[in-house]
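Following: one structure in C-alpha cells, then a few remarks.
Fair warning: this is a prediction, and the values are worked out from it, not measured in the lab.
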Amino acid sequence: MAVQKLPIAKAINESLRKALDTDPKVLIMGEDVGKLGGVFRVTDGLQKDFGEDRVIDTPLAESGIVGTAIGLALRGYRPVVEIQFDGFVFPAYDQIVTQLAKMHARALGKVKMPVVIRIPYGGGIGAVEHHSESPEALFAHVAGLKVVSPSTSNDAYWMMQQAIQSDDPVIFFEPKRRYWDKGEVDTDAIPGPLHSARTLREGSDLTLVAYGPMVKVCLEAAAAAQEEGKSLEVVDLRSMSPIDFDTVQASVERTGRLVVVHEAPVFYGSGAEIAARITERCFYHLEAPVLRVGGFHAPYPPARVEEEYLPGLDRVLDAVDRSLAY
C-alpha cells in the first residue's frame with residue numbers, strides 16, 4: 001500500500017503528474033503554471049518533466065485560456081486549466097457558461113467536454129482584492145457543470161484523478177488556505193464516487209455539513225462541542241453540483257438538526273439549496289429549522305479584518321447552540 005503524508009498542494013501535484021504520465025492527451029494550461037510552477041507551486045516541476053507542449057504557460061487572458069481548452073477538448077485532448085486566483089475567473093465566465101457548459105447538450109450528446117478548471121478559492125491568506133472569493137454557487141447554478149472541492153489530501157489526489165477522467169466539464173475548487181495542511185494519501189486506494197458526500201465524524205445531536213476550507217472548522221467545532229457534552233456529526237459534502245442529498249438526509253434523520261457551513265456569503269449561497277431540500281425531505285424529522293453559517297453579503301474585506309468576515313469556530317458553535325435551543 002503506497003501511503004504518503006502530503007500537503008494538499010503536493011497531493012494535487014502528484015495527481016496531475018500521474019495523469020500526465022498515464023494519458024498523453026492530458027495537458028495543463030494557465031498563467032505561470034510552467035517555469036514558475038504556479039503561484040502556489042501546485043504545478044511545480046511538471047513542465048520540466050513533461051515539456052512545454054504538455055504544461056503550457058499562457059498569456060494573462062482567462063477567456064482565451066478557457067476558449068482554447070474548449071477547442072482542445074473538441075480535438076480529443078483533456079485540458080486541465082488553472083485560473084490563478086478565484087477572482088480572476090470572471091473574464092472566462094462567458095466561455096464557461098455559454099460554451100463549455102452547453103456544448104454537450106447543444107450537440108445532442110455527440111460532443112464530450114473533458115475539461116477541468118482548477119480554481120484556488122477562499123480567504124484566510126491575507127491577500128488583496130480579487131484573491132479571496134468563494135464563487136462556487138455561481139457555477140453550481142449552471143446546468144452542464146460539475147462542481148467539486150476537496151478538504152483533505154487524499155480527496156485532493158483522487159478527486160483530481162476522477163475530474164480529469166470525466167467526460168464532462170468539472171470546476172475544481174481548491175481551498176487555498178488549506179494547501180499546506182498535511183494528510184495521508186493512499187495512491188493504491190479505490191476511491192468512492194466523485195460526487196458522494198462523506199461522514200467524517202459520527203454524532204447524535206446535530207449534523208454539520210460543510211465542504212472545502214470549512215470542513216476543518218466544523219471538525220474543530222465538533223471536538224469543542226464534545227467537551228460540553230454535545231454530539232455533532234460532520235459531513236463533508238465534497239461536491240456542490242451534483243449534491244449527495246441522500247447522505248445528508250440520512251444524517252439529519254438520525255440527528256434531527258442541521259447547520260450548513262460555507263465560506264461564501266449566506267445570501268443565495270449553496271447552503272440555501274441544501275436547507276430547502278432537507279426541509280422538504282426531512283420535515284417530520286427536524287427538531288429545529290435548518291441554520292446556515294457563512295460569509296456576510298458584502299465585498300470581501302481587506303486582509304486586516306478578514307478574520308471578522310470568515311466564519312470561524314465561534315460562529316459555528318453559536319449556530320449549534322441556537323439550533324439545540326429549539
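Partners of Phe267 by ring-ring contact (aromatic ring centres under 6.0 Å, His included), not counting sequence neighbours, listed by chain and number: His297. With sequence neighbours left out, the ring-ring contact (aromatic ring centres under 6.0 Å, His included) criterion links Phe245 to no other residue.
Look at Asp236 and Arg198 and you find no salt bridge, because none of the NZ, NE, NH1 or NH2 atoms lies under 4.0 Å from a carboxylate O. Look at Asp181 and Lys216 and you find a salt bridge, because one of the NZ, NE, NH1 or NH2 atoms lies within 4.0 Å of a carboxylate O, short of that distance. The pair Asp44-Lys10 does not meet the salt-bridge criterion, since no charged nitrogen lies less than 4.0 angstrom from a carboxylate oxygen.
Sorted by first then second residue, the salt bridge (charged side-chain N to carboxylate O under 4.0 Å, His left out) pairs that include residues 131-140, not counting sequence neighbours, number zero. A salt bridge (charged side-chain N to carboxylate O under 4.0 Å, His left out) check over residues 91-104, counting only residues at least two apart or in different chains, returns nothing. Evaluation of the salt bridge (charged side-chain N to carboxylate O under 4.0 Å, His left out) test over residues 283-306, restricted to residues two or more places apart or in two chains, returns none.
Note that CZ of Phe296 is 8.5 Å distant from OH of Tyr309, once rounded to the nearest 0.5 Å. Here the straight-line distance linking atom CZ of Arg54 with atom CD1 of Ile28 works out to 8.5 Å at 0.5 Å rounding. Annotation: the span from Leu313 atom CG to Leu219 atom CG amounts to 11.5 Å, rounded to 0.5 Å. Residue Gln162 holds its CD atom at 11.0 Å from CD1 of Ile164, rounded to the nearest 0.5 Å.
Between Tyr179 and Phe40, the ring planes are tilted. Angles from 30° to 60° get that label.
A 4.5 Å side-chain heavy-atom check between His131 and Tyr300 finds every atom pair outside the cut-off.
Other residues, nucleotides and ligands contribute more than 12 heavy atoms inside 6.0 Å of the NE2 atom of His285. When the shell of 6.0 Å around CZ of Phe90 is examined, it contains more than 12 heavy atoms from other residues, nucleotides or ligands.
In terms of hydrophobic clustering, with Ile, Leu, Val, Met, Phe, Trp and Tyr side chains grouped at heavy-atom distances under 4.5 Å, Leu317 and Val209 are assigned to different clusters.
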Decide yes or no on side-chain hydrogen bond (donor to acceptor under 3.5 Å, both in side chains) for Ser270 and Tyr211, but give the supporting numbers first. CA-CA 11 Å; Ser270 55; Tyr211 54 83; 2.9 Å; yes
Could you pull out every donor-acceptor pair under 3.5 Å between side chains of residues 223-231 and any protein atom, sequence neighbours left out?
unit_1 : atom_1 : unit_2 : atom_2 : d
Gln226 : OE1    : Arg201 : NH2    : 2.7
Glu228 : OE1    : Lys230 : NZ     : 3.1
Lys230 : NZ     : Asp321 : OD1    : 2.5
Ser231 : OG     : Ser204 : N      : 2.9
Ser231 : OG     : Ser204 : OG     : 3.4

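For the residue pair Ala319 and Leu291, the shortest heavy atom distance occurs at O-CD1, 3.4 Å.
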